[in-house]
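Below is one structure, written out as structure tokens; comments come after it.
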Amino acid sequence: MRAWILLALVISQGAWALAPCERQSQVGSWCEANIAALHPTQGGVGQIQVDNTQAELTGKSAKQLDKVMKKKEIPIVIAPDGGYWLVDRHHLTKALWQLGVKQVRVKVIARLQDKASFWSQMQGNHWAWLKDEQGRPLTPEQLPSRIDLLPDYPYRTLAGLLQDAGYFDKREQVYFVEFAWASWLGRQMDWLPIDSANLADRLYQAKRLACSNKAADLPGYPGKQCRVNQPDSGN
């Protein structure tokens, strides 16, 4: 615990030597933001994935964490009111928060000016996912206000593991592809509970589904792994 507190203090003192994010931060620039000030653009995360990422990051130095954030860009959109909206890397950001990190390196990918069209622009650019785990609509007001308030979507974990294993592709950097797979997998699997104890069995079932013709309408189908070594899909 002391190591985590020390790491948080080092990072909070500007370990990356970046200017703090501001309302007028330029598009394409990097800046330093407080995690608590980043607003989620999705309703939940796969908590098992978050915890796994936290475990992978534990023990890394501030310099090593900065290298991770450079490689896995944390993109934000600046809203008309100056708020910062996180449009990807929610799992990484929550894992950093759980480690005790308070400040993160982020990249400004857009600065929107029109309040009236803000959410239509966010959705039109695939910068927000206004649906819950089961695919039911969410209003912007229903989104958690902070990273640490994101609830667990177990089927988002399953979709993320499928993607990591190559069973579907995140093409053209379109965010939130995993959520379309998560809600589809849940429906196919009757929303059976998922936890660490049964995750391997659930993932095996998900792999079979991912390579079946039933998944043909989902983005990123079929993944490389399906083409290389397709399991018995039971088409």
Side-chain angles (χ1 to χ4, degrees), residues 16 18-47 49-50 69-98 101-153 155-156 159-160 163 170-184 186 218-220:
W16 357 102
L18 287 172
C21 297
E22 298 178 345
R23 188 170 188 156
Q24 298 302 319
S25 292
Q26 294 298 306
V27 174
S29 68
W30 294 86
C31 55
E32 183 181 88
N34 191 313
I35 291 179
L38 299 178
H39 302 301
T41 53
Q42 62 191 45
V45 289
Q47 189 60 43
Q49 277 196 291
V50 171
M69 283 181 256
K70 284 181 180 177
K71 182 178 180 180
K72 299 184 176 182
E73 295 181 1
I74 299 175
I76 66 167
V77 169
I78 301 178
D81 64 0
Y84 307 131
W85 289 86
L86 182 67
V87 300
D88 198 19
R89 305 297 185 193
H90 290 74
H91 290 73
L92 171 61
T93 305
K94 189 174 184 184
L96 289 166
W97 174 267
Q98 290 179 180
V101 176
K102 302 301 181 185
Q103 303 288 125
V104 289
R105 168 191 287 270
V106 299
K107 187 171 185 179
V108 180
I109 65 167
R111 202 172 69 236
L112 302 182
Q113 306 295 329
D114 184 9
K115 182 178 180 180
S117 65
F118 176 72
W119 282 106
S120 63
Q121 290 185 72
M122 291 290 284
Q123 292 187 86
N125 285 290
H126 304 285
W127 291 337
W129 184 260
L130 297 182
K131 295 180 181 179
D132 69 8
E133 183 181 29
Q134 297 188 17
R136 297 172 299 200
L138 293 173
T139 65
E141 293 74 23
Q142 289 176 306
L143 292 173
S145 59
R146 301 194 314 265
I147 288 296
D148 58 308
L149 299 178
L150 285 164
D152 181 23
Y153 283 3
Y155 277 85
R156 173 59 182 79
Q163 180 191 349
K170 192 170 183 176
R171 296 171 183 167
E172 300 177 358
Q173 294 300 305
V174 175
Y175 304 127
F176 308 110
V177 167
E178 302 91 342
F179 281 88
W181 279 84
S183 58
W184 180 82
L218 288 167

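We count residues from 1, following the sequence as given.
- Scanning both residues, Arg23 and Arg111, for their nearest heavy atoms gives O-CD, 3.1 Å.
- For the atom pair CG of Asn34 and OH of Tyr84, the computed distance is 10.0 Å after rounding to the nearest 0.5 Å.
- The heavy-atom pair separating Leu38 from Val104 by the smallest distance is CD1-CG2, 4.0 Å.
- In this structure, Met122 and Leu112 have side chains that are in contact, with non-hydrogen atoms separated by less than 4.5 Å.
- Of the residues Leu150, Leu149, Leu143, the one that meets the side-chain contact (heavy atoms from CB on, under 4.5 Å) test with Pro40 is Leu150.
- For the pair Val77/Gln121, no side-chain contact is recorded, criterion being any heavy-atom separation below 4.5 Å from C-beta on.
- To the nearest 0.5 Å, atoms CD (Gln134) and OH (Tyr155) are separated by 10.0 Å.
- Ring-plane geometry between Trp85 and His39 is classed as tilted, the angle between the planes lying from 30 to 60 degrees on a 0 to 90 degree scale.
- Taking every heavy atom of both residues into account, Thr41 and Leu86 meet most closely at OG1-O, 2.6 Å.
- Looking at every heavy atom in both residues, His90 comes nearest to Val45 through CB-CG1, 4.0 Å.
- Checked by atom type, the side-chain pair Gln47/Gln98 shows a donor-acceptor distance below 3.5 Å.
- Figure legend: Lys131 and Trp129 shown as a cation-pi pair, the cationic atom lying under 6.0 angstrom from the six-membered ring centre and within 45 degrees of its axis.
- Heavy-atom minimum distance, Lys102 versus Trp97: NZ-CH2, 3.9 Å.
- Taking 4.5 Å as the limit, some side-chain heavy atom of Leu96 sits within range of a side-chain heavy atom of Met69.
- Atoms CZ and CG, on Phe179 and Leu130 in that order, are 11.0 Å from each other to the nearest 0.5 Å.
- In this structure, Ala180 and Leu218 approach most closely via the heavy-atom pair O-CD2, 3.9 Å.
- A donor-acceptor pair is defined here as one N or O able to donate and one able to accept, closer than 3.5 Å; no such pair exists between the side chain of Trp181 and the backbone of Gly160.
- To the nearest 0.5 Å, atom CD1 of residue Ile109 and atom CD1 of residue Ile74 are 12.5 Å apart.
- If you take SG on Cys21 and CD on Glu32, they are separated by 8.0 Å, rounding to the nearest 0.5 Å.
- Looking at Arg89, its side chain never comes within 3.5 Å of a backbone N or O of Pro75 through a donor-acceptor pair.
- Atoms CD and OH, on Gln42 and Tyr175 in that order, are 12.0 Å from each other to the nearest 0.5 Å.
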